[in-house]
Amino acid sequence: MEKIISIKNLNYTYPEAKTPAINDLSLDIYKNEWLSIVGKNGSGKSTLTKLIDGLIEASSGTIAVDGQEINEDNIWDARKKIGIIFQNPDHQFVGATVEDDVAFGLENQGMPREQMIIAVDHALELVKMSEFKKRDPQSLSGGQKQRVAIAGVLATRPQIIIMDESTSMLDPDGRKTVLNLVEQLREQQDLTIISITHDIEETELSQRIVVLNDGQIVKDGKPEEIYDLGPELTNYGLEEPFSSKLMSTLRESVKLPEGYLSGRELKEQLWKLHSNM
């Protein structure tokens, strides 16, 4: 697989801090991958995001984006390849209408108006928000606002999208809708998704999960490998997934296959057991 981000021996300590926020961290992220980075508050997730996007400069170590090591001379080129969707979409809105807001990043890039109109319409179509383009963003629901924020990022044609706790303010239905939309866009646009979250339940669409603790990677594996840790996840300030807890309870009374089962797989196993009764 082709690397899109390569991080080597990265270190960062905030001014006045006694311990590093990022401690000798190395990580490769691949093109078209959905990687979730999870950990409790203070584990280093947000600091790592800022370092990748060049908002803060590492004390030591290197970050390469699309094969180019980030430095002062090329940081703006690297940033063009990365879009960030934040936790609260209200903090991203600057336009009086939805279409103005989506156009903001393109205006900063100096895109001609004719091209901008096409790009904005296309981005809104991708997130199914075309009919809202004349609306005030503040009049939208939480899920709709997050879709507009995604459209604003998509319009700039990034290769990488970082979701920084970007579904944590949504209700379960809104969260599922946004995550499914991002997964569709990842496949259609050949995007790399980096999802930053403290909620293990938000990682079910990931292909890989990295667990951070005290600025270091403590676990790196496929979702089923991480979920299979069960109660051990609480050592890193994470909740055990509901399906994992449920399986532990069910195993006390029924025979289930070893290892983690997804919600769908668990339903299938329970249906088989019911059919054989």
Side-chain angles (χ1 to χ4, degrees), residues 4 34 36 45-46 49-50 52-56 65-66 75-197 199 202 205:
I4 187 75
W34 185 318
S36 285
K45 305 185 305 295
S46 294
T49 301
K50 291 173 185 173
I52 290 172
D53 198 43
L55 296 173
I56 55 178
V65 176
D66 198 22
I75 184 61
W76 291 105
D77 288 335
R79 276 188 183 168
K80 286 178 183 176
K81 296 172 182 177
I82 301 170
I84 301 182
I85 305 165
F86 294 100
Q87 180 180 33
N88 189 341
D90 289 333
H91 294 166
Q92 288 178 265
F93 292 148
V94 291
T97 66
V98 164
E99 63 180 349
D100 288 344
D101 203 81
V102 175
F104 180 73
L106 302 176
E107 288 174 342
N108 284 344
Q109 291 181 2
M111 180 179 282
R113 180 164 174 75
E114 295 75 17
Q115 286 178 244
M116 197 186 305
I117 292 168
I118 295 168
V120 168
D121 285 346
H122 180 59
L124 287 172
E125 192 177 319
L126 285 171
V127 301
K128 298 180 172 56
M129 287 294 289
S130 300
E131 62 185 283
F132 297 90
K133 69 179 185 178
K134 299 295 183 185
R135 289 270 295 271
D136 176 354
Q138 301 302 334
S139 70
L140 304 176
S141 70
Q144 289 170 335
K145 286 178 179 179
Q146 206 57 287
R147 284 176 178 236
V148 173
I150 293 169
V153 168
L154 288 173
T156 62
R157 302 301 295 268
Q159 293 174 256
I160 303 154
I161 291 181
I162 298 175
M163 300 177 69
D164 190 0
E165 303 274 8
S166 53
T167 60
S168 62
M169 295 183 71
L170 303 178
D171 61 34
D173 286 342
R175 184 178 301 138
K176 188 173 182 180
T177 299
V178 167
L179 290 173
N180 286 338
L181 170 64
V182 172
E183 170 60 5
Q184 290 171 17
L185 294 170
R186 182 186 70 82
E187 293 177 354
Q188 292 168 6
Q189 307 286 311
D190 199 29
L191 297 166
T192 299
I193 307 297
I194 303 172
S195 175
I196 310 292
T197 180
D199 186 352
E202 289 190 23
L205 293 176

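Because only heavy atoms are used, hydrogens play no part in the values below, and waters and symmetry mates are left out as well, while side chains stay in. This chain uses plain numbering: 1 for the first residue, then up along the sequence.
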Check side chain to side chain contact (heavy atoms under 4.5 Å, CB included) between [X] and all other residues, then give those that pass, not counting sequence neighbours.
| X | result |
| --- | --- |
| Q87 | E165, S168, M169 |
| D53 | L55, R79, I82, I84 |
| I118 | none |
| Q188 | L126, Q184, L185 |

With sequence neighbours left out, write down each residue that passes side chain to side chain donor-acceptor pair (under 3.5 Å) with [X], or none if nothing qualifies.
| X | value |
| --- | --- |
| D164 | none |
| K133 | D121 |
| D173 | none |
| T167 | E202 |

What's the spacing between [X] [atom1] and [Y] [atom2] if we round to 0.5 Å?
| X | Y | atom1 | atom2 | answer |
| --- | --- | --- | --- | --- |
| R175 | D199 | CZ | CG | 6.0 Å |
| T192 | I4 | OG1 | CD1 | 5.0 Å |
| I194 | M163 | CD1 | CE | 12.0 Å |

State, yes or no, whether a side-chain contact exists between I85 and V178 at a heavy-atom distance under 4.5 Å. no
Identify all side-chain donor-acceptor contacts of residues 142-162 below 3.5 Å with residues at least two apart in sequence or on another chain.
| from | atom 1 | to | atom 2 | distance (Å) |
| --- | --- | --- | --- | --- |
| Q144 | OE1 | S141 | N | 2.9 |
| Q144 | OE1 | S141 | OG | 3.3 |
| K145 | NZ | D90 | OD1 | 3.1 |
| Q146 | NE2 | F86 | O | 3.4 |
| Q146 | NE2 | S166 | O | 2.4 |
| R147 | NH1 | V127 | O | 2.8 |
| T156 | OG1 | V153 | O | 2.7 |

Please step through side-chain contact (heavy atoms from CB on, under 4.5 Å) for the pair V102 and M129, ending with a clear verdict. CA-CA 11 Å; V102 175; M129 287 294 289; over 6 Å; no
In short, salt bridge (Lys or Arg N to Asp or Glu O under 4.0 Å) pairs touching residues 98-114 with sequence neighbours left out are E99-K134
Any pair with a residue in residues 181-190 that passes salt bridge (Lys or Arg N to Asp or Glu O under 4.0 Å), sequence neighbours left out, goes on the list, sorted by first then second residue, please. E183-R186
Listed by chain and number, what are the salt bridge (charged side-chain N to carboxylate O under 4.0 Å, His left out) partners of K81, not counting sequence neighbours? D66
Which atoms form the tightest heavy-atom contact between F132 and L140, and what is the distance? CD2-CD2, 3.9 Å
Checking side-chain contact (heavy atoms from CB on, under 4.5 Å) for the pair L205/I193: CA distance, chi angles, key distance, verdict? CA-CA 10 Å; L205 293 176; I193 307 297; over 6 Å; no
